[in-house]
Amino acid sequence: MPLITLPDGSSRIFEQPVSVAQVAANIGPGLARAALAGQVGDMLVDLSHVLDQDTALTLITDKDEAALPLIRHDAAHIMAQAVQELFPGTQVTIGPAIEDGFYYDFARDKAFTPDDLALIEARMNEIVDRDLPIQREIWDVAQAKQTFAGLGEHFKVELIDQIPPDEPVSVYRQGNWFDLCRGPHLPNTGRLPKAFKLLKLAGSYWRGDAGRPMLQRIYGTAWRNKKELKAYLHRLQEAEKRDHRKLGKTLDLFHTQEQAPGMVFWHDKGWQLYLIVQDYIRRTLREQGYQEVHTPQLLDRSLWEQSGHWEKFGDMIFTTHSEHRDYAIKPMNCPAHIQIFKQGLKSHHQLPLRLAEFGSCHRNEPSGTLHGLMRVRNFVQDDAHIFCTEQQILPEVLAFIDLLFSVYHDFGFDDVLIRLSTRPNQRVGDDALWDKAEQALQQALEQRQLDWELQPGEGAFYGPKIEFSLRDCLQRVWQLGTIQLDFAMPARLGASYIAADNTKQVPVMLHRAILGSLERFIGILLEHYAGALPTWLAPVQVAVIAIADRHHTYTQHLTDELRKHDFRATADLRNEKVGFKIREHTLARVPYLLVVGDHEVNERCIAVRRREGTDLGSLSLNALLTHLQADVADLARQSD
RNA sequence: GCCACUGUAGCUCAGUCGGUAGAGCAACUGAUUCGUAAUCAGUAGGUCAGCGGUUCAAUUCCGCUCAGUGGCUCCA
């Protein structure tokens with residue numbers, strides 16, 4: 001006699017076990033028609049799921065956000081059915097719902113073509129029209145293996161082998177097609193809203209393992225209705241406009257070319273931005289008690305062998321040689337910073353010692369991983385290494401976290417993803433040290449009450465790390481900041497200090513960066529603002545526009561005055577109409593446009609317009625300077 | 001690195017079922033001196049990514065290389 005409690009607090013009692021569908025029908029015919037699935041606790045279940053105990057139940061309809069994963073997972077199944085109907089011999093593997101859509105990985109000798117996507121999509125629509133009932137069946141393991149093996153579905157057999165013995169082997173059948181799947185699913189294929197679209201083809205390794213076969217992945221998106229689909233596709237289009245590679249070109253910031261893959265040619269405006277960002281960090285680090293140092297670009301290979309990098313990353317280190325010696329073009333700064341630390345005897349009074357460097361590093365990243373400014377082969381990090389005692393770890397990590405958030409806030413980023421990565425399989429240092437290191441980082445996160453995600457096994461080979469990531473315009477996640485604990489490297493490279501008890505001790509080293517690579521950070525920055533940077537960051541802050549030749553002197557005078565006050569201003573004296581100039585500077589995302597005509601010259605004033613089109617009226621030079629100073633001082637906190 | 005796709009003027013793109021290419025914007029020249037998102041006219045601009053093959057003929061078909069794009073793997 002199950003007692004079913006509904007979200008509104010009401011409850012119904014049933015004589016015998018009932019299915020979710022029966023509960024819906026019991027409430028009303030409208031709900032029975034609309035119901036797609038049920039939710040028991042956190043678990044989504046099929047409409048056919050039988051409830052035999054007292055429980056709370058939520059019925060899911062297409063009004064609920066919770067219906068989305070269900071819809072997407074069904075879209076994946078229906079796509080798989082369509083593919084197998086159209087391309088016999090194709091093996092199915094896995095096909096989950098993901099953020100905004102779904103994918104399915106197939107094994108097939110021939111490659112799918114972009115044209116195939118349209119065919120598959122058409123067949124999916126047909127399968128929806130067939131309105132096939134979707135039924136869950138529980139199979140015996142041996143029977144399941146035999147059936148899938150008989151169909152030549154070797155990947156599925158491998159999946160069955162990995163289902164824990166206490167879990168049922170469930171199969172979902174729609175028409176004469178079926179797939180091994182945990183579920184849940186919609187009751188009929190006809191319930192899948194025709195608001196899906198196949199988007200792209202991609203390769204993917206079976207089980208995410210580069211040593212195993214490459215499968216063909218088809219990505220799609222699916223929504224509750226056509227309106228949502230349209231909105232999503234529009235969102236993708238808009239995201240494309242924010243792409244930093246596109247902005248880099250249209251705003252004349254940087255370019256890349258074949259002869260230097262993964263390396264950036266910074267143009268004047270882009271380099272201005274780069275330097276502004278760098279100056280800001282340089283100033284901030286000084287204030288926080290860091291010393292700035294600068295170390296060689298080339299270091300003998302023995303140093304990298306000693307540090308362990310040569311063994312682990314040898315094939316990604318660019319090298320050069322001279323007079324029978326091999327040099328690494330440095331892929332990172334830390335061994336060099338240890339050399340500075342090692343100069344002269346260090347006392348515990350000098351700790352924590354914080355060495356910062358904007359060191360240009362080269363890493364021979366695999367060609368397929370390069371991506372605009374986000375993943376490059378030559379980059380500069382706002383890198384620093386803190387040498388300290390074990391007791392100083394926690395306060396240093398806390399101070400770093402606080403600094404990082406204050407910096408991100410100044411740049412306008414408040415939505416930060418935090419991940420704690422712990423010991424990997426391939427590592428140096430004993431487990432007692434790893435325990436200590438991981439606990440220290442976790443404790444810092446907890447003290448600051450931050451939300452974080454654990455990534456077991458993802459730490460660096462010398463220590464655990466916290467990663468701070470942001471998303472780009474297409475929601476791809478990129479790591480920017482990091483703090484990594486390292487008990488190994490200082491010892492390997494022979495760093496030590498004299499402790500209070502007059503013994504020689506090995507310092508702990510913290511590797512840390514706030515922005516990470518300046519290149520990547522600028523990429524994220526551009527996408528975040530769609531190129532319309534806050535005034536303090538804009539390469540050109542003010543464009544002074546002359547209406548006619550007779551206004552040139554005053555225009556030039558204003559521009560000079562602005563420059564004298566450290567604003568980045570440019571005079572536009574071209575023989576063009578105002579409208580044309582306004583349009584150009586607006587498209588160039590210049591925050592302030594000043595228009596100079598007869599009125600301004602006569603009254604010694606300036607007509608001020610913001611790039612968004614707002615008119616700030618007629619200001620005196622002093623009033624303008626005050627306004628600009630306030631805007632710049634505000635950083636990204638609330639301007640725009 | 002792996003899978004797929006793409007590479008035409010400075011930019012955005014069209015085009016050739018094989019007969020050496022075209023638009024808009026930008027550039028240049030001239031006219032215009034203009035009040036808040038495109039003034040008008042004219043001119044010039046391309047070994048169709050590179051190399052090789054097939055062919056009477058290749059930018060177009062095929063192969064290789066390079067680079068880019070989307071994923072996957074990797075990321076000290």
Side-chain angles (χ1 to χ4, degrees), chain A residues 103 105 111-114 116 199-219 243 245-246 249-250 252 255-262 304 307-317 330-335 361 363-372 374-377 379 381 383 424 426 428 458-463 465 467 474 476 478-479 482 484 486 489 511 516-517 545-552 574-588 593-600 607-615:
Chain A
Y103 67 79
D105 286 346
F112 292 114
T113 67
D116 292 337
L199 296 175
K200 55 195 181 191
L201 286 163
S204 72
Y205 295 107
W206 170 234
R207 317 235 80 184
D209 182 344
R212 310 196 69 176
M214 175 66 66
L215 306 171
Q216 297 186 62
R217 175 172 297 179
I218 302 177
Y219 280 95
D243 189 312
R245 292 163 301 190
K246 200 178 178 116
K249 206 178 281 180
T250 54
D252 191 21
H255 85 271
T256 57
Q257 64 184 52
E258 284 196 39
Q259 289 77 2
W304 305 98
S307 73
H309 289 100
W310 194 270
E311 195 194 346
K312 184 135 200 316
F313 295 107
D315 50 350
M316 283 165 73
I317 297 178
K330 69 175 170 183
M332 57 191 325
N333 304 304
C334 46
C361 295
R363 294 179 186 176
N364 198 358
E365 303 280 359
S367 56
T369 63
L370 301 178
H371 181 94
M374 303 299 197
R375 186 90 180 257
V376 288
R377 289 195 173 135
F379 56 89
Q381 282 177 292
D383 195 17
Q426 199 191 342
V428 297
E458 299 293 316
F461 73 91
Y462 49 70
K465 60 183 176 183
E467 291 173 22
L474 286 172
R476 290 175 291 212
W478 298 96
Q479 182 208 303
T482 183
Q484 316 185 351
D486 185 351
M489 203 71 64
H511 306 244
S517 122
I545 297 168
I547 289 181
D549 292 352
R550 62 183 178 279
H551 310 126
H552 284 189
R574 292 175 303 169
N575 178 11
E576 296 288 352
K577 293 192 159 188
V578 212
F580 180 84
K581 294 184 183 182
I582 295 271
R583 178 182 157 82
E584 283 215 329
H585 296 294
T586 303
L587 290 174
L593 309 184
L594 314 185
V595 177
V596 175
D598 290 336
H599 176 72
E600 286 70 28
V608 185
R609 174 191 162 110
R610 287 226 18 134
R611 70 183 154 208
E612 298 78 24
T614 46
D615 185 357

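Every chain is numbered from 1 and lettered A, B, ... according to where its sequence line falls, protein lines coming before strand lines. Quick caveat, the model's predicted, so the values are computed rather than measured. What's counted below: heavy atoms across the whole structure, side chains too, no hydrogens, waters or symmetry copies.
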Between [atom2] on [N] and [atom1] on [X], what's the gap in Å once rounded to a whole number?
{"X": "A:Asp252", "N": "B:A26", "atom1": "CG", "atom2": "P", "value": "16 Å"}
{"X": "A:Asp615", "N": "B:A37", "atom1": "CG", "atom2": "P", "value": "11 Å"}
{"X": "A:Arg610", "N": "B:A37", "atom1": "CZ", "atom2": "P", "value": "16 Å"}
{"X": "A:Ile547", "N": "B:U36", "atom1": "CD1", "atom2": "P", "value": "8 Å"}

Where protein sits on nucleotides 68-76 of chain B, one letter per nucleotide: B base, S sugar-phosphate only, - none, heavy atoms under 4.0 Å: SSBBBBBBB

Enumerate the protein-to-nucleotides 63-65 of chain B contacts in which both atoms are nitrogen or oxygen and the separation is below 3.5 Å.
none

Parallel, tilted or perpendicular, as decided by the 30° and 60° cut-offs, for the rings of A:Tyr462 and A:His511: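 Parallel, since the angle between the ring planes stays under 30°.
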
Any donor-acceptor N/O pair, A:Lys581 side chain to A:Ile547 backbone, under 3.5 Å: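 Absent.
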
B:C56 to B:G24 separation - C1' atoms, rounded to the nearest Å: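 One C1' to the other, the span is 38 Å.
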
Sugar-phosphate only, base, or nothing, as touched by A:Val578 at under 4.0 Å among non-hydrogen atoms: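 Touches sugar-phosphate only.
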
Sugar-phosphate, base or nothing in reach of A:Gln381, heavy atoms under 4.0 Å: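 No contact.
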
Listed partners of A:Trp310 passing ring pair (Phe, Tyr, Trp, His ring centres under 6.0 Å), at least two apart: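 For A:Trp310 there are no ring pair (Phe, Tyr, Trp, His ring centres under 6.0 Å) partners, ignoring immediate neighbours.
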
Those residues that, when tested against A:His551, pass ring pair (Phe, Tyr, Trp, His ring centres under 6.0 Å) (two or more places apart):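 Testing A:His551 for ring pair (Phe, Tyr, Trp, His ring centres under 6.0 Å), a comparison that skips the adjacent residues, returns none.
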
A:Arg550 and A:Asp598, any side-chain heavy atoms less than 4.5 Å apart: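 The answer is yes; the side chains approach within 4.5 Å.
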
So, using side chain to side chain donor-acceptor pair (under 3.5 Å) as the criterion, who are the partners of [X] when residues are at least two apart?
{"X": "A:His255", "answer": "A:Gln257, A:His267"}
{"X": "A:His585", "answer": "A:Asp572"}
{"X": "A:Glu365", "answer": "A:Arg375"}
{"X": "A:Arg583", "answer": "none"}

Among B:A37, B:G35, B:U33, the nucleotide that comes nearest once only the side chain of A:Ala548 is considered: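 Closest of the options to the side chain of A:Ala548: B:U33.
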
Given B:A37, B:C5, B:C34, the nucleotide with the shortest approach to the side chain of A:Thr586: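 So the side chain of A:Thr586 is nearest to B:A37.
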
Distances under 3.5 Å only, N/O to N/O: pair up the protein atoms with those of nucleotides 6-15 of chain B.
unit_1, atom_1, unit_2, atom_2, d
B:U12, OP1, A:Lys249, NZ, 3.3

side-chain contact (heavy atoms from CB on, under 4.5 Å) partners of A:Glu584, counting only residues at least two apart: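 For A:Glu584 the side-chain contact (heavy atoms from CB on, under 4.5 Å) partners, ignoring immediate neighbours, are A:Arg574, A:Phe580.
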
Listed partners of A:Thr586 passing side-chain contact (heavy atoms from CB on, under 4.5 Å), at least two apart: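 Scan of A:Thr586 (side-chain contact (heavy atoms from CB on, under 4.5 Å), adjacent residues dropped) gives A:Ile582, A:Leu593.
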
Residue whose nearest RNA chain B nucleotide is more 5′ - A:Gly613 or A:Arg574: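 The residue closer to the strand's 5' end, by nearest nucleotide, is A:Arg574.
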
Runs of at least three Watson-Crick or G-U pairs with RNA chain B, cut-off 3.5 Å: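 Output for stems: B:1-7 with B:66-72, B:10-13 with B:22-25, B:27-31 with B:39-43, B:49-53 with B:61-65.
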
Under-4.0 Å salt bridge between A:Asp243 and A:Arg245: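 Salt bridge present between A:Asp243 and A:Arg245.
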
